[in-house]
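To find a chain, count down the sequence lines: A is the first, B the second, and so on, and within it residues start at 1.
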2 protein chains.
Amino acid sequence: MVRTSNARQDAVEAAVRLFRTQGYSATGLTQLLEESGAPKGSFYFHFPGGKEQLALEALQVFGSELRGRIQRRAAATAPGDEPAFVRALFEATARELEASDYTAGCVASNLGGELSSGNRTIADAVNGAVQSWVEAIADGVANRFETREAAITYAATVMASLSGMRTMARAQRSTAMFAAIADVLVTSLPPAPAKKSGSDTN
Amino acid sequence: MVRTSNARQDAVEAAVRLFRTQGYSATGLTQLLEESGAPKGSFYFHFPGGKEQLALEALQVFGSELRGRIQRRAAATAPGDEPAFVRALFEATARELEASDYTAGCVASNLGGELSSGNRTIADAVNGAVQSWVEAIADGVANRFETREAAITYAATVMASLSGMRTMARAQRSTAMFAAIADVLVTSLPPAPAKKSGSDTN
DNA sequence: ACCATATTATGGTGATTGCCATAGTGTACC
DNA sequence: GGTACACTATGGCAATCACCATAATATGGT
């Protein structure tokens with residue numbers, strides 16, 4: 001119960017929202033604090049690391065939210081249902097884009113594009129978030145692959161496609177391609193294994 | 001030879017370079033003009049539309065350069081060599097990233113991420129560039145598909161994966177995944193057609 | 001009631017942002 | 001040699017940038 005103040009959380013949530021729609025550099029601290037309702041006076045009390053610290057926390061929050069959503073879908077995927085799992089990932093992204101009128105970008109993608117070249121700390125955090133999503137996707141398709149490495153490779157392909165499609169769809173203001181592209185990726189999913197139950201003794 | 005001044009071209013080239021590594025908002029006009037050697041006094045003479053016009057021209061230049069590279073590879077692709085074409089696209093992106101020490105981002109991706117939500121003009125230009133790349137990729141794999149639509153869908157998948165992988169690789173400072181991901185996409189390439197020569201009368 | 005700490009207000013720092021008006025210089029053509 | 005036009009220098013615009021020092025206030029535990 002310690003102390004009560006939602007200023008910190010408000011600021012981070014606003015950062016997530018704004019970094020998604022306009023990126024890092026275009027988002028000023030003033031706009032951020034105004035929209036969040038958080039007081040300006042306490043910003044450097046809560047975030048002594050300044051704007052960069054805020055970005056790291058926003059990345060963390062956005063990262064684990066998305067990871068949670070993927071993990072939930074992966075856990076609900078029965079052996080054999082992997083195609084539906086892959087399709088659901090694209091479907092969910094498409095719905096989110098439509099619901100947001102194509103403003104829902106990706107924090108990791110935006111921060112990465114602007115800061116990967118010059119800020120190793122942020123680059124590492126971006127990479128960490130992305131890798132956690134890849135792992136979660138790999139969990140959802142693991143049954144189709146013999147090695148973890150192969151599952152990771154496939155999951156990375158799905159992740160890259162999702163990220164790239166999000167960017168393309170935002171510019172195009174259309175989600176028309178999502179379903180068809182999910183089909184392409186389902187095509188390269190290996191057939192379900194014979195389940196080591198018996199008949200394949202060699 | 002009308003007039004001679006490379007100020008315009010210098011500015012656009014610097015814009016391409018800087019928008020690739022740090023994006024739009026993080027790139028100030030001062031930095032841009034300093035690095036390009038172009039004089040500050042004539043900026044609004046050459047670009048009355050200001051920074052946005054510069055962005056549109058940078059997008060145009062970057063877009064047609066990349067399209068040219070894809071088209072050249074597509075034209076050099078013999079029927080049956082489509083897997084090599086797809087692999088070459090990933091290979092080229094990987095080499096470019098390594099050569100630039102992972103600073104070589106994508107102008108369209110960066111401008112899209114920062115401005116798609118609020119600037120329809122830029123969003124349309126981004127979409128135009130991306131669609132031209134998709135078309136060019138589709139030309140390179142056309143032999144494997146019965147309809148143009150199917151080729152475009154596959155090409156869009158490749159494009160999205162390339163874009164997403166570029167972002168991921170920049171944050172990770174590694175191109176280790178590129179070859180394996182190209183393999184995944186080659187897997188979902190349909191087999192070469194029987195070449196309407198004879199044996200398939202039905 | 002008191003103290004320690006958590007949180008915020010206020011007001012300002014210098015630097016930089018994109019943009020522009022005005023004046024001037026260069027070169028080409030007649 | 002003079003006119004027209006392409007180009008650039010200069011200087012400054014108001015606005016915003018991230019950041020911070022200082023002081024005031026709120027709120028907890030004791």
*Asks:* Using a 4.0 Å cut-off on protein heavy atoms (strictly under), produce a 5'-to-3' string for nucleotides 13-24 of chain C with B for base contact, S for backbone-only sugar-phosphate contact, and - for none.
*Replies:* ----SSBB----
*Asks:* Please tabulate, one pair per line, all N/O donor-acceptor pairs under 3.5 Å involving side-chain atoms of residues 63-73 of chain B, not counting sequence neighbours.
*Replies:*
from: B:Ser64; atom 1: OG; to: B:Gln60; atom 2: O; distance (Å): 2.9
from: B:Ser64; atom 1: OG; to: B:Val61; atom 2: O; distance (Å): 3.4
from: B:Arg67; atom 1: NE; to: B:Ser132; atom 2: OG; distance (Å): 3.4

*Asks:* What integer distance in Å separates A:Leu32:CG from D:dC19:P?
*Replies:* 12 Å
*Asks:* Using a strict cut-off of less than 4.0 Å between a Lys/Arg side-chain nitrogen and an Asp/Glu carboxylate oxygen, indicate whether B:Arg144 and B:Asp81 qualify as a salt bridge.
*Replies:*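 No, this pair does not count.
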*Asks:* Do A:Leu54 and A:Phe43 come within less than 4.5 Å of each other through their side chains, counting heavy atoms only?
*Replies:*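 When only atoms from C-beta onward are counted, A:Phe43 and A:Leu54 do touch, with a gap below 4.5 Å.
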*Asks:* Atom CG of A:Leu33 and atom P of C:dT8: how far apart are they, to the nearest Å?
*Replies:* 11 Å
*Asks:* Between C1' on D:dC7 and CD on B:Gln9, what's the gap in Å once rounded to a whole number?
*Replies:*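 The distance from CD of B:Gln9 to C1' of D:dC7 comes to 16 Å, rounded to the nearest Å.
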*Asks:* Do A:Glu13 and A:Gln9 get their side chains close enough for a donor-acceptor pair, meaning under 3.5 Å?
*Replies:*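 There is such a pair (donor and acceptor under 3.5 Å, judged by atom type) between the side chains of A:Glu13 and A:Gln9.
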*Asks:* Using distance only, find each side-chain donor-acceptor pair of residues 17-24 of chain A under 3.5 Å and give its atom names and separation, not counting sequence neighbours.
*Replies:*
from: A:Arg17; atom 1: NH1; to: A:Glu35; atom 2: OE1; distance (Å): 3.1
from: A:Arg20; atom 1: NE; to: A:Gly105; atom 2: O; distance (Å): 2.7
from: A:Arg20; atom 1: NH1; to: A:Glu96; atom 2: OE2; distance (Å): 3.3
from: A:Arg20; atom 1: NH2; to: A:Glu96; atom 2: OE1; distance (Å): 3.3
from: A:Arg20; atom 1: NH2; to: A:Glu96; atom 2: OE2; distance (Å): 3.0
from: A:Arg20; atom 1: NH2; to: A:Gly105; atom 2: O; distance (Å): 3.0
from: A:Thr21; atom 1: OG1; to: A:Leu18; atom 2: O; distance (Å): 3.4
from: A:Gln22; atom 1: NE2; to: A:Gln31; atom 2: OE1; distance (Å): 3.4

*Asks:* Does A:Ser42 have a side-chain nitrogen or oxygen under 4.0 Å from the phosphate oxygens OP1 or OP2 of C:dT7?
*Replies:*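 No, because none of the side-chain N or O atoms of A:Ser42 sits under 4.0 Å from OP1 or OP2 of C:dT7.
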*Asks:* Could you check whether B:Asp124 pairs with A:Arg173 (Lys NZ or Arg NE/NH1/NH2 to Asp/Glu carboxylate O, under 4.0 Å)?
*Replies:*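 No salt bridge links B:Asp124 with A:Arg173.
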*Asks:* What is the distance, to the nearest angstrom, from the NE2 atom on A:His46 to the P atom on D:dA18?
*Replies:*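 A:His46 atom NE2 is separated from D:dA18 atom P by 18 Å.
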